[in-house]
Peer 1: 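Structure in structure tokens, see below.
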Amino acid sequence: MTILADPMRPEWYRVQRSRKDTADTFTLDLEPEPGVATPPFAAGQFNMLYVFGVGEVPISISGDPTQPQTLVHTTRAVGVVTQAIRALKRGATIGVRGPFGSHWPVEACMGKDVVLVAGGIGLAPLRPVIYQLLAQREQYGNIVLLYGTRTPADILYPRQLAQWRARFDLDVDITVDRASDTWRGNVGVVTKLILKAAFDPMDTVAMICGPEVMMRFTIMELLKRGLRAEDIFVSMERNMKCAIGFCGHCQFGPSFICKEGPVLRYDQIKHWFGIREV
Ligand SMILES: Cc1cc2nc3c(=O)[nH]c(=O)nc-3n(C[C@H](O)[C@H](O)[C@H](O)COP(=O)(O)OP(=O)(O)OC[C@H]3O[C@@H](n4cnc5c(N)ncnc54)[C@H](O)[C@@H]3O)c2cc1C
């Protein structure tokens, strides 16, 4: 875990590249200003991105943990700050605090099958896991990526997905809620893909990221297939201000998402999971 000198002080980065992924989603590559050392991060952690005069938001790191020099974030522009981030041009300066939070149990599932289930932009916080698994492919059993989006136009990283699908050592299955005229793939919710996915439920770790309703139904399907609750991990989102456990905005049951999360083990949160007010 990285110890930050002053976790409340942003370091300055420059936008190296900004590319549009879908109608409302974009990916930024950030490089540190001279004299700033980019700290290592673990798959699943997030940074606080700060736009001068606008505000700060938590965004997961979507890049490759083995190449931490360039910080990569995939963001959906939903409101004031994320729209301001989208407007940043190449060369613009942005503040970054982090990395913060818990991470996916990538090391701990060596020797096991791994199932990743992503919904919409939930693929972004899981992408670092895929990089890490593929970098040490021989250490894992079957690796399955199940991905669902609303429409084909909402699919993130389509070229990268095509490359992953072409591999023999990674099972990628994609589905959309609503097909377009040219779509020849699965139609329906992502949970439908779980039944036919190739993994040994007694020796599998599952990592899920997406809207909470999608995660809830995914967990139900995985439990039905025989996975243990302690082998299921989810990434939770709650608005936050400080990211270091002071402000209390991101409280979830007895946990703070910024410290104990965002990645949490299902059996440890199941009493609070799915309660709207929590
Ligand atoms: C740990 C963590 C990791 C995150 N990682 C990512 C990430 O990798 N990529 C990413 O795009 N977002 C991510 N988010 C969500 C992101 O932080 C919020 O979308 C952002 O704070 C919104 O700020 P804003 O100022 O743009 O919108 P606001 O002005 O605060 O909100 C504007 C409107 O959008 C709605 N809104 C806010 N957040 C969302 C949302 N997530 N989805 C739909 N509507 C929303 C609000 O209810 C409000 O109506 C993460 C959140 C957490 C807690």
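From a predicted model like this one, the values you see are computed outputs, not experimental measurements. Values below: every heavy atom of this structure, side chains too, minus hydrogens, waters and symmetry copies. Counting starts at 1 for both ligands and their atoms, in listed order.
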Peer 1: Looking at atom 42 (N) of ligand 1, tell me if a protein heavy atom falls under 4.0 Å from it.
Peer 2: yes
Peer 1: Kindly check if the number of other-residue, nucleotide or ligand heavy atoms within 6.0 Å of CZ (Arg90) is above 12?
Peer 2: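 Atom CZ in Arg90 is not packed in, count stays at 12 or less.
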Peer 1: Calculate, to the nearest 0.5 Å, the distance between atoms CZ and CZ belonging to Arg265 and Arg228 respectively.
Peer 2: 10.5 Å
Peer 1: May I ask whether Ile59 has any heavy atom positioned less than 4.0 angstrom from an atom of ligand 1?
Peer 2: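 The answer is yes, since Ile59 has a heavy atom less than 4.0 Å from ligand 1.
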Peer 1: Please check if a non-hydrogen protein atom sits closer than 4.0 Å to atom 6 (C) of ligand 1.
Peer 2: yes
Peer 1: Which ligand 1 atoms does Arg76 reach within 4.0 Å, using its non-hydrogen atoms?
Peer 2: 10 (C), 11 (O), 42 (N), 43 (C)
Peer 1: If we set the cut-off at 4.0 Å for heavy atoms, which region of Thr25 has an atom near ligand 1: side chain, backbone, both, or neither?
Peer 2: neither
Peer 1: Under the side chain to side chain donor-acceptor pair (under 3.5 Å) rule, collect the residues that match up with Thr74, sequence neighbours excluded.
Peer 2: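 Applying side chain to side chain donor-acceptor pair (under 3.5 Å) to Thr74 gives Thr27, Ser62, Tyr157.
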Peer 1: Quick one: does ligand 1 sit under 4.0 Å from the side chain of Met240, the backbone, both or neither, non-hydrogen atoms only?
Peer 2: side chain
Peer 1: Heavy-atom contacts under 4.0 Å between Pro58 and ligand 1: side chain, backbone, both, or neither?
Peer 2: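 For Pro58, backbone and side-chain atoms both sit under 4.0 Å from ligand 1.
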Peer 1: Could you name the option among Ile257, Val78, Val263 that has the heavy atom nearest to atom 33 (C) of ligand 1?
Peer 2: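 The option holding the nearest heavy atom is Val78.
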Peer 1: Counting from 1, what ligand 1 atoms have a heavy atom of Phe46 closer than 4.0 Å?
Peer 2: 1 (C)
Peer 1: Which of the numbered atoms in ligand 1 are under 4.0 angstrom from any heavy atom belonging to Arg238?
Peer 2: 53 (C)
Peer 1: Protein heavy-atom contact under 4.0 Å for atom 46 (C) of ligand 1?
Peer 2: no
Peer 1: Do the ring centers of Phe52 and Trp12 come within less than 6.0 Å of each other?
Peer 2: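 So the answer is yes for these two rings.
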